[in-house]
Amino acid sequence: MLNAPLSIDVRRGAVAGLGELLADKRIVTEGRVAIAVGPGQGDQIAEHVRETLSACEVYRVADGSVDAAVGLGARLRAGSYEAVVGIGGGRTIDATKYAATLSGIPMVSVATNLSHDGICSPVASLVHDKGKGSFGVVMPLAMIVDLDYVHAAPPRLVRAGIGDVVSNFSAVDDWLLAADECGERVDRMALTVARTAAEALLHQPASIESDRFLTVLAESLVLSGMAMAFAGDSRPASGGDHEILHAIDQLFPGTANHGELAGIGAAFCYHLRATHLGSGADRLAEILTCLDRHGLPRFPADIGLSVEQFAEAVCHAPQTRPGRYTILEYLGLDKGATLKAVEEYVQAHGG
């Protein structure tokens, strides 16, 4: 398997090229392809594929759980498929990546929304009995983003990807902090790609109604995925911001989606940096402006949490990623200091 996609196609009508892509001998040689679809637009796209590949079989992925992914993996192994196409949103694609990895076959990603960087990354976020976990997987061998389908997706899911991308800034700074404090090795290529993805999106003046903006968002999400592939883990796109995200998911499930939580987590981490390290105030202002421009949550109340609940999640956050060193581990704030920090964040920035 390669560490970078063979093909990335982001445009209107891109799904029409899926059959041609699957004819690439580097992906399949005999046409034995499985299609995994989730709720929503997956069935419609699967019909396009059937017109070209009559032998393909469609499997439905009920949700983004480990059980669903393992079940799909068993079907893929039993069918002796050469490749699997995952069609849908982040949960469907994550489950398909995991199933493809279990089966030892390549996976093609067809994203119907742009909610987070899982559309092209070596990490799958899946629900299990104890909550939600991140699992290392082989990243998609090729990917398609058809902007016609993205425009038809719920706007909230599309906007969420913005929060996931801008959180790269926080992840990168946490990585550099870990290098300074703990001697952690930094992959400069991965770091540069992750930061470039965020910079490309941060000041884009258009909105998700614009094809140009959606193209930049899709490409930024792909770059984030590639940064993780270069690094060999999620480090360049997951820092204290994602620790907070996972803590909220564990303590207050269903509060908000991945990208929304990543954005607010990144903003709060920069508040901590500005307050305790004397750096990051400018970046915080940029991130808050970006989140506000696109209607994304910035404060605990925006996601239905009280200041106390958000502070509880921040205290719990380091436990979600044992061994990962971020601004949260560096400061080691106790419960009282964390609550004070959240209160100051809300008061200082207008929440």
Colleague: Only pairs at least two apart or in different chains count here, so list each side-chain hydrogen bond (donor to acceptor under 3.5 Å, both in side chains) that has a residue in residues 186-200.
Modeller: Glu199-Arg283

Colleague: Once ring-ring contact (aromatic ring centres under 6.0 Å, His included) is applied, what residue pairs with a partner in residues 186-205 remain, sequence neighbours excluded?
Modeller: none

Colleague: Test of understanding: with side chain to side chain contact (heavy atoms under 4.5 Å, CB included), list the residues that count as partners of Cys290, not counting sequence neighbours.
Modeller: Ile162, Val166, Leu202, Arg293, His294

Colleague: Would you mind listing every ring-ring contact (aromatic ring centres under 6.0 Å, His included) that reaches into residues 101-133, with sequence neighbours excluded?
Modeller: His116-His258

Colleague: Taking only distance into account, with no hydrogens and no angle test, what donor-acceptor pairs under 3.5 Å do side-chain atoms of residues 244-255 form with protein atoms, sequence neighbours excluded?
Modeller:
{"from": "His246", "atom 1": "NE2", "to": "Arg321", "atom 2": "NH2", "distance (Å)": "3.0"}
{"from": "Gln250", "atom 1": "OE1", "to": "His316", "atom 2": "NE2", "distance (Å)": "2.8"}
{"from": "Thr255", "atom 1": "OG1", "to": "Phe252", "atom 2": "O", "distance (Å)": "2.4"}

Colleague: Does the side chain of Asn168 pick up a donor-acceptor pair with the side chain of Ser224 at under 3.5 Å?
Modeller: yes

Colleague: Return a table of donor-acceptor pairs under 3.5 angstrom between the side chains of residues 88-96 and protein atoms on other chains or two or more places apart.
Modeller:
{"from": "Asp94", "atom 1": "OD1", "to": "Lys97", "atom 2": "NZ", "distance (Å)": "3.3"}
{"from": "Asp94", "atom 1": "OD2", "to": "Ser125", "atom 2": "N", "distance (Å)": "3.1"}
{"from": "Thr96", "atom 1": "OG1", "to": "Thr92", "atom 2": "O", "distance (Å)": "2.8"}

Colleague: Quick one: which residue pairs count as a salt bridge (charged side-chain N to carboxylate O under 4.0 Å, His left out) with a foot in residues 216-244, not counting sequence neighbours?
Modeller: Glu184-Arg235

Colleague: Once salt bridge (charged side-chain N to carboxylate O under 4.0 Å, His left out) is applied, what residue pairs with a partner in residues 167-180 remain, sequence neighbours excluded?
Modeller: Asp174-Arg273

Colleague: Less than 6.0 Å separating the ring centroids of Phe310 and Phe268?
Modeller: yes

Colleague: Applying side-chain hydrogen bond (donor to acceptor under 3.5 Å, both in side chains) as the test, list every pair that has at least one member in residues 100-111; sequence neighbours left out.
Modeller: none

Colleague: Using ring pair (Phe, Tyr, Trp, His ring centres under 6.0 Å) as the criterion, list what pairs up with Tyr98, not counting sequence neighbours.
Modeller: Phe135

Colleague: Can you run down the salt bridge (charged side-chain N to carboxylate O under 4.0 Å, His left out) pairs that involve residues 152-162, sequence neighbours left out, and say none if there aren't any?
Modeller: Arg156-Glu260

Colleague: Hey, can you pull the donor-acceptor pairs under 3.5 Å for the side chains in residues 64-74, sequence neighbours left out?
Modeller:
{"from": "Ser65", "atom 1": "OG", "to": "Asp63", "atom 2": "OD1", "distance (Å)": "2.6"}
{"from": "Ser65", "atom 1": "OG", "to": "Ala68", "atom 2": "N", "distance (Å)": "3.0"}

